[in-house]
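Take a look at the structure set out below.
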Protein chains: 2
Amino acid sequence: MLTQTTISPAGRMPIGHGARHQRPDNDLSEANDLSEAIEMLGDAKSYRRNEEIYFQGEPTDSLYKVISGAVRTYKILADGRRQIGAFYLPGDVFGLEARDDHAFSAEAIVDAKVLVVRRSEIFTLADRDNDIARDLWKLTARELQRVQDRLLLLVKTAQERVVGFLLEMAERGYAANEVELPMSRQDIADYLGLTIETVSRTFTQLTTTAAIELPTSRRIVLRNRAALRRLAS
Amino acid sequence: MLTQTTISPAGRMPIGHGARHQRPDNDLSEANDLSEAIEMLGDAKSYRRNEEIYFQGEPTDSLYKVISGAVRTYKILADGRRQIGAFYLPGDVFGLEARDDHAFSAEAIVDAKVLVVRRSEIFTLADRDNDIARDLWKLTARELQRVQDRLLLLVKTAQERVVGFLLEMAERGYAANEVELPMSRQDIADYLGLTIETVSRTFTQLTTTAAIELPTSRRIVLRNRAALRRLAS
DNA sequence: CGACCATTTGATATGGATCAAGCGATGTGG
DNA sequence: CCACATCGCTTGATCCATATCAAATGGTCG
């Protein structure tokens with residue numbers, strides 16, 4: 001990569017420091033100990049746009065944290081259609097799959113930098129450090145939460161799905177009312193279980209009703225958050 | 001309850017026995033230490049058909065294990081529709097939600113017996129016993145897996161969803177080729193994001209093509225597993 | 001037997017898919 | 001620097017799977 005931000009290189013993580021600070025059981029906002037461990041132990045890798053990170057069926061042996069860019073996980077169904085599992089943005093951890101083999105493939109949506117760490121290393125840490133173990137659980141629980149939220153999206157109308165997606169992206173992004181989408185219309189369609197045409201039409205319609213603005217096809221300004229939340233039902 | 005099978009009552013769980021036996025990282029088939037802990041610590045409670053176990057929005061402070069009967073979790077959407085989150089059968093653990101408050105409600109589908117244990121007790125155990133901590137993670141990961149599988153179902157056709165549901169129930173049940181459904185057509189419809197009419201019509205159609213047999217509306221015989229798997233795409 | 005509820009079956013409507021074409025931005029070769 | 005190919009997106013016309021509305025059937029319990 002050209003502009004490689006130096007990532008703190010691998011090194012032994014101080015472990016067994018016990019429960020240093022109080023945290024409520026269910027604070028999902030951060031999973032810092034694990035995240036720090038990945039920063040310490042992880043190897044920085046760069047992937048080019050559309051480059052494969054791992055493939056459906058391969059053994060699940062690493063954890064990943066996005067540093068820059070964006071990643072999608074996806075699955076090719078028997079009929080050839082593609083279903084996107086999730087989008088991961090900078091700061092997100094992915095690769096936490098339940099089975100021994102990846103149920104989904106992962107690839108870079110745009111040029112991306114990712115930290116990679118072996119699961120076995122994390123599991124060893126977790127056995128010694130309760131904070132890490134709890135983070136591991138939290139991260140999985142958070143992922144579960146996201147998938148459940150999406151499940152609710154998938155039974156709604158096309159407009160509700162698209163609006164729900166936009167609000168989700170806006171919440172995850174930095175800027176409050178502006179979203180820079182790294183993914184194509186096709187990606188969005190495969191994420192929401194719709195066709196590219198329906199996604200496009202919905203965007204146009206939202207523009208017509210002044211709920212959003214589309215300076216470019218990948219940049220979306222949320223004009224009327226309240227109206228959007230109403231449309232998300 | 002009338003036929004109350006005696007459940008081993010609460011009692012202190014031996015802890016800190018460390019990693020007694022080897023298990024692969026990803027063995028999701030069992031989570032025995034945690035399951036046993038719930039057996040030891042849990043209070044047996046009985047719920048009647050349609051009785052509320054916990055309600056959407058209430059604090060998430062317990063874990064549950066189904067002893068007999070069946071449980072559904074569900075959510076009432078803004079437009080009044082009901083989405084079912086999951087069905088839990090004997091042996092299943094539920095209540096592992098990510099947030100402080102329940103995103104879903106839970107109720108008994110038929111008369112059910114359930115073990116209830118405080119999450120805080122489990123978390124305390126998990127802090128001392130790595131096996132419990134790992135089980136907690138595994139159980140959450142398994143739940144994640146199930147939800148992801150269902151996500152894939154929800155983007156398919158009505159027939160594929162219904163067949164997928166039947167195969168799932170058959171795998172989880174005891175008898176290989178026969179399923180006794182504890183839930184109504186409406187429950188199934190709300191689980192699959194379909195209408196009750198579509199579910200019913202699909203069942204009739206599967207009967208017509210001799211893929212299944214319907215001795216009663218709640219009892220389903222899988223006549224042709226291979227054909228069903230093909231229909232599930 | 002009669003009331004009630006779950007399920008099935010029938011007729012019609014519709015949201016989103018599919019098929020098809022046009023448009024705009026980006027990049028390439030002459 | 002312009003002509004043109006390519007790719008991602010939008011727009012239009014039609015079709016179809018499933019929802020919706022409506023009614024009949026069947027099973028269960030007092």
Side-chain angles (χ1 to χ4, degrees), chain A residues 49-50 70 72 77 79-84 109-111 153-166 179-209 212-220 231 233, chain B residues 48-50 72 77 79-84 109-111 153-166 179-209 212-220 231 233:
Chain A
R49 192 170 113 87
N50 294 328
R72 63 176 163 248
L77 304 179
D79 61 0
R81 277 176 39 241
R82 181 185 71 158
Q83 174 63 31
I84 290 199
I109 297 177
V110 293
D111 293 353
L153 257 199
L154 287 188
V155 300
K156 298 187 181 170
T157 67
Q159 190 179 62
E160 288 167 338
R161 294 189 214 189
V162 171
V163 172
F165 166 76
L166 284 180
V179 185
E180 177 77 41
L181 298 175
M183 71 289 284
S184 69
R185 294 287 185 269
Q186 188 63 62
D187 287 334
I188 299 172
D190 291 349
Y191 181 71
L192 297 176
L194 298 171
T195 58
I196 183 179
E197 293 95 331
T198 301
V199 172
S200 182
R201 277 186 246 273
T202 308
F203 277 153
T204 339
Q205 188 191 335
L206 290 172
T207 307
T208 310
T209 60
I212 64 170
E213 206 171 319
L214 275 173
T216 80
S217 68
R218 297 290 182 99
R219 174 172 297 276
I220 294 180
L231 290 179
S233 186
Chain B
R48 291 206 318 280
R49 190 169 115 86
N50 295 328
R72 63 177 164 248
L77 303 179
D79 61 1
R81 280 177 37 242
R82 180 185 71 156
Q83 175 62 31
I84 289 200
I109 297 176
V110 294
D111 292 354
L153 258 199
L154 287 188
V155 299
K156 296 187 181 170
T157 66
Q159 191 178 61
E160 289 168 336
R161 293 188 216 189
V162 171
V163 172
F165 166 75
L166 284 179
V179 186
E180 176 77 39
L181 298 175
M183 71 289 285
S184 69
R185 294 287 184 271
Q186 188 65 61
D187 287 335
I188 299 172
D190 291 348
Y191 181 69
L192 297 175
L194 298 171
T195 58
I196 184 178
E197 293 96 331
T198 301
V199 172
S200 182
R201 276 185 245 273
T202 307
F203 277 154
T204 338
Q205 187 191 337
L206 291 172
T207 308
T208 310
T209 61
I212 65 170
E213 208 172 317
L214 276 172
T216 79
S217 69
R218 297 290 182 99
R219 175 173 295 278
I220 294 182
L231 290 178
S233 186

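Chain identifiers are assigned alphabetically (A, B, ...) following the order of the sequence lines, protein sequences preceding nucleic acid strands; residue numbering begins at 1 within each chain. This one's a predicted model, so the numbers in the text were calculated from it and none came from an experiment.
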### Rounded distance (Å) that lies between atom C1' of dA6(C) and atom CZ of Phe203(B)
13 Å
#### Entry: Gap between atoms NZ and C1', on Lys156(A) and dG16(C) respectively (whole Å)
18 Å
#### Entry: Among dG8(D), dA17(C), dA19(D), the one nearest Arg49(A) by side-chain distance
dG8(D)
### Arg218(B) atom CZ, over 12 foreign heavy atoms within 6.0 Å
yes
### Query
Atom CG of Leu194(A) to atom P of dC9(D): distance rounded to whole Å?
15 Å
### Message
Testing the basics here: between Ile109(B) and Arg49(B), what is the closest heavy-atom pair and its distance to 0.1 Å?
### Response
O-CG, 3.4 Å
### Message
Using a distance-only criterion (donor-acceptor N/O pair, under 3.5 Å, no hydrogens), is the base of dT9(C) paired with the side chain of Arg185(B)?
### Response
no
### Task
Please tell me which of the listed nucleotides, dG16(C), dT8(C), dT10(D), lies nearest to the side chain of Thr157(A)?
dG16(C)
### Sugar-phosphate, base or nothing in reach of Arg218(B), heavy atoms under 4.0 Å
sugar-phosphate
## Note on the structure
Nearest heavy-atom contact between Glu160(A) and Ser233(A) is OE2-CB, 3.0 Å
### Message
Below the 4.0 Å mark, does dA19(D) have OP1 or OP2 next to a side-chain nitrogen or oxygen of Thr198(B)?
### Response
yes
### Task
Check whether any side-chain N or O of Thr204(B) sits under 4.0 Å from OP1 or OP2 of dT9(C), and answer yes or no.
yes
### Summary
Atom CG of Leu154(B) and atom C1' of dT18(D) are separated, to the nearest Å, by 15 Å
### Task
Provide the closest heavy-atom pair for Gln205(B) versus Gln159(B) in the form atom of the first, atom of the second, distance.
NE2-NE2, 3.0 Å
### Query
So, is Arg201(B) close to the dG10(C) phosphate, meaning a side-chain N or O under 4.0 Å from OP1 or OP2?
no
### Task
Counting heavy atoms from C-beta on, name the nucleotide in dC21(D), dT8(C), dT10(D) closest to the side chain of Glu197(B).
dC21(D)
### Separation of atom CD1 in Ile196(A) from atom P in dC19(C), rounded to whole Å
15 Å
### Message
Over the length of the helix from dC1(C)-dG30(D) to dG30(C)-dC1(D), how much do the five-pair end axes diverge, rounded to 10 degrees?
### Response
30°
### Nearest-angstrom distance from the residue atom CZ of Arg219(B) to C1' of dA6(C)
18 Å
### Query
Looking for any heavy atom pair under 4.0 Å, which part of the strands does Arg81(A) touch: base, sugar-phosphate only, or nothing?
nothing
### Query
Expressed in angstrom and rounded to an integer, what is the separation of Leu214(B) atom CG from dG26(D) atom C1'?
14 Å
### Query
Does Thr195(B) have a side-chain nitrogen or oxygen under 4.0 Å from the phosphate oxygens OP1 or OP2 of dA19(D)?
yes
### Query
To the nearest Å, how far apart are Ile220(A) CD1 and dC9(D) P?
11 Å
### Query
Is the side chain of Arg81(B) donor-acceptor paired with the backbone N or O of Lys156(A) at a distance under 3.5 Å, no angle test?
no
### Query
Taking only side-chain nitrogens and oxygens of Ser200(A), does any of them come within less than 4.0 Å of OP1 or OP2 of dT10(D)?
yes
### Summary
Looking only at heavy atoms, the pair that brings Leu154(A) and Tyr191(A) closest together is CD2-O, 4.3 Å
### Message
Quick check: do Leu194(B) and Val162(B) have side-chain heavy atoms less than 4.5 Å from each other?
### Response
yes
### Heavy-atom side-chain contact between Arg185(B) and Ser217(B) under 4.5 Å
yes
